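Let me begin by presenting the structure, written as C-alpha cells, before commenting on it.
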There are 2 protein chains.
Amino acid sequence: MTQQLEATRRTPLNRERVLRAAVELADDVGFESLSMRRLAEELGVVPMALYKHVANKEELLDGMVASLIGEIDPPVTHTDWKSTVRLRVLSARRALQRHPWARQAIESRTTKTAAVLDYMESFAGMFLAGGFSADLTHHVMHAIGGRMWGFTQELFDDQSGPTAESPAEVPPEAQAAMMQQMAERYPNIVAIATGTAHDGSSVVGHGCDDQFEFEFALDLLLDGFERLHEQGWSSRQAKLDRR
Amino acid sequence: MTQQLEATRRTPLNRERVLRAAVELADDVGFESLSMRRLAEELGVVPMALYKHVANKEELLDGMVASLIGEIDPPVTHTDWKSTVRLRVLSARRALQRHPWARQAIESRTTKTAAVLDYMESFAGMFLAGGFSADLTHHVMHAIGGRMWGFTQELFDDQSGPTAESPAEVPPEAQAAMMQQMAERYPNIVAIATGTAHDGSSVVGHGCDDQFEFEFALDLLLDGFERLHEQGWSSRQAKLDRR
DNA sequence: TTGACAAGTGTACCGCGTACACCTACCGTT
DNA sequence: AACGGTAGGTGTACGCGGTACACTTGTCAA
C-alpha cells in the first residue's frame, strides 16, 4: 500500500517545476491572483512545500521574471544599432504579451537579479556597439525605461468612463446620452478618441492599436537618440547649453 | 460624565479628513504600509469607521490621487504649447516627489475617476490648443505615458547589485573586489555608470541626477512631437509609409 | 543497520480588507 | 416633552494572504 502511495506520488518538485507552474498559473489567473497557496494547490502540494524550492514569494517572482527574460530573443548581429535595438524591444514586447502578468511583476521588483542585470548589460551593449558614448548610452537607457521591456505605462487601456459599473448592463441607447455628456465635459478626450476612429465607428472606447502606439513612441525615441548620437551629444555640453 | 466623553470626542470624521490623513500616512510609511487598519488607528478610530466615508480602499486611493492632482499647477497661458506642456509636467513631477507613494498609487488605479479624466482632458487640450491634430494628440499622449504624471519607469533607482543583503555591513575594501567582479561580468553597465561620474568618483551606485534624466527624456519626446507636428504628421500617412 | 539529508506536512500566527449587526448621540417633527 | 430617523462609530467575525517552526517520511551512503 505504501507502494501505491509511492506510485501515486508525483516526481518530486524542484525549482524549475515550481517556476514553470507559477508562470502557467499567472498566465491563467493573472498576477494579483497568483498566491503561494494557490500555486501549491495547483502542484498538489501543501503551501509550505514551496518554500523548500524558493525562499519566499519575492524570489518566486524574480524567478518568473528571469524565465521571461529567457524568452526574449538575443540581439541580432550584423545590422545597425537601431534595428538591433528595435527588434530586440519588439521581441521583448512579444514575450510580454504572452505573459500578461509580466508588466506588473517587473514593476514590482526592486532588487535586480543577475538575469535582469544580464539583460540590461546586453541592452546597453547594443548602443555601445553602435558607437554611442557611455554617457549618451546611460541617458538613453533611462529614457527608454520600461519600453526596453516591451511595455508602456498604459494609462488608457480602460475604456471605462467614471461611471463604469455594470459590464454588459448598459441600456442600448442610453449610451448616446452618456456620449453626449462625455462630449460636453471632455471635448478634447472625445476628439482625440474619435479622431482616430478612422473607420467612422464613433464609440468612445473603440480601443486603439496598441502595437502602433508602442512603435510610435519607440521610433520617436530611437530617432531622437540617433540625432543626438550624430551630433555628438554629451551631457556636459547639454548642461552647459541649459543656462 | 457623558459631558466629559463628549468633550473628549474629536470632531467627527469626514471624507476630507480621512483623505488628508491617508496622504499624510502614506507620505510617512509608504504605499505598501498604508492599510485601512493603520489609517484608522492614526485617526483614533476603529477600522470599520472609515467605511462610513469611503466605500473601500480602492476609493480611498482614488481620492488620494485626486488630491494629488489638486497639487498640480494649472497650465500656464500665453506661451507656446511646448513650454506649457513642459512646465505642467514638471509641476506634476514636483507634486509626485512630495508624495513618494503617488507613482504606485497611480499605477495601481485601473478605472479613471473624474479627477483623472479632468487632468487628461486638460492635458490633451494643451496640444490641441497648440494646433496639434486630434490624431497626433492621441498618439502623443500615448507616447508621453507616465511622464505626463511626472514619473518614469525607474529601472535603475536601486544601486544594489545582485548580492545586496546587508545595508551597511559591507567590509570596507571588499567593495573593490566586488567592483572587480562587476567590471568583469557587467562591463557595459559599469562603463555607463562610471562614464557619467564626471567628478571622477567611480563608485558604482553613485546615483544619477534623476531630474536630468527625466528632462532628457521629456525633451527628447517634446522635440520629436514638434518635428512631427511641423511636418504635418498623420497616422494614416505613417501607416502607409510603413509598408 | 544507521543516520544524515532532502522533500513534504500540519499547525499556527499575524496582518489584511471588509460584511454585518449593533449602539448611540443628535435632529426635526409632532 | 416624547419619538423616530439618521449619521457616525463599534465589535465581532470571516476568509485570504505570507510564512515561521516543528514534525514526519522516503532515500541513499557509509
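We use all heavy atoms of the structure for the numbers below, so side chains are in, but hydrogens, waters and symmetry mates are not. It should be emphasised that the depicted structure is a prediction, and the values quoted were computed from it without experimental measurement. Chain identifiers are assigned alphabetically (A, B, ...) following the order of the sequence lines, protein sequences preceding nucleic acid strands; residue numbering begins at 1 within each chain.
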Discussion item. Closest approach to the side chain of B:K52, judged atom by atom: which nucleotide of C:dT18, D:dG8, C:dG8 is it?
Written reply: D:dG8
Worksheet item: Of the candidate nucleotides C:dG17, D:dG9, C:dG8, which contains the atom at the shortest distance from the side chain of B:Y51?
Response: C:dG17
Please list each protein N or O that sits under 3.5 Å from an N or O in nucleotides 12-17 of chain D, with the distance.
| unit_1 | atom_1 | unit_2 | atom_2 | d |
| --- | --- | --- | --- | --- |
| D:dG17 | N7 | A:R37 | NH1 | 3.2 |

Discussion item. Check the phosphate of C:dA6 against A:H53, side-chain N and O only, distance under 4.0 Å to OP1 or OP2. Yes or no?
Written reply: no
Worksheet item: Taking the inter-plane angle between the rings of A:H139 and B:F216 on a 0 to 90° scale, is it parallel (under 30°), tilted (30 to 60°) or perpendicular (over 60°)?
Response: tilted
Length of the line joining [X]:[atom1] and [N]:[atom2], which is rounded to integer Å:
X	N	atom1	atom2	result
A:L39	D:dG18	CG	C1'	13 Å
A:N14	C:dC5	CG	P	21 Å
A:R17	C:dA7	CZ	P	12 Å
A:R15	C:dA6	CZ	P	17 Å
B:L43	D:dT10	CG	C1'	15 Å
B:E41	D:dG9	CD	P	17 Å
B:L13	D:dT10	CG	P	9 Å

Worksheet entry | Non-neighbouring partners of A:D73 that pass side-chain hydrogen bond (donor to acceptor under 3.5 Å, both in side chains), sequence neighbours left out | A:S91
Item to complete: Could you list the residues that satisfy side-chain hydrogen bond (donor to acceptor under 3.5 Å, both in side chains) with A:E24, not counting sequence neighbours?
Response: none
Worksheet item: Within 45° of the ring axis of B:F151 and under 6.0 Å from its six-membered ring centre, is that where the NZ or CZ of B:R93 lies?
Response: no
Item to complete: Not counting sequence neighbours, which residues clear salt bridge (Lys or Arg N to Asp or Glu O under 4.0 Å) with B:E58? List them please.
Response: B:R109
Worksheet item: Taking for each residue the nucleotide of DNA chain D bearing the nearest heavy atom, is the 5' side occupied by A:A55 or by B:L50?
Response: B:L50
Can you give me every donor-acceptor pair (side chain of residues 33-40 of chain A, partner residue at least two apart or in another chain, under 3.5 Å) with its distance?
| unit_1 | atom_1 | unit_2 | atom_2 | d |
| --- | --- | --- | --- | --- |
| A:S35 | OG | A:R38 | N | 3.0 |

Identify each donor-acceptor pair in which a side-chain atom of residues 44-55 of chain B lies under 3.5 Å from a protein atom, sequence neighbours left out, and give them as a table.
| unit_1 | atom_1 | unit_2 | atom_2 | d |
| --- | --- | --- | --- | --- |
| B:H53 | NE2 | B:L13 | O | 3.3 |

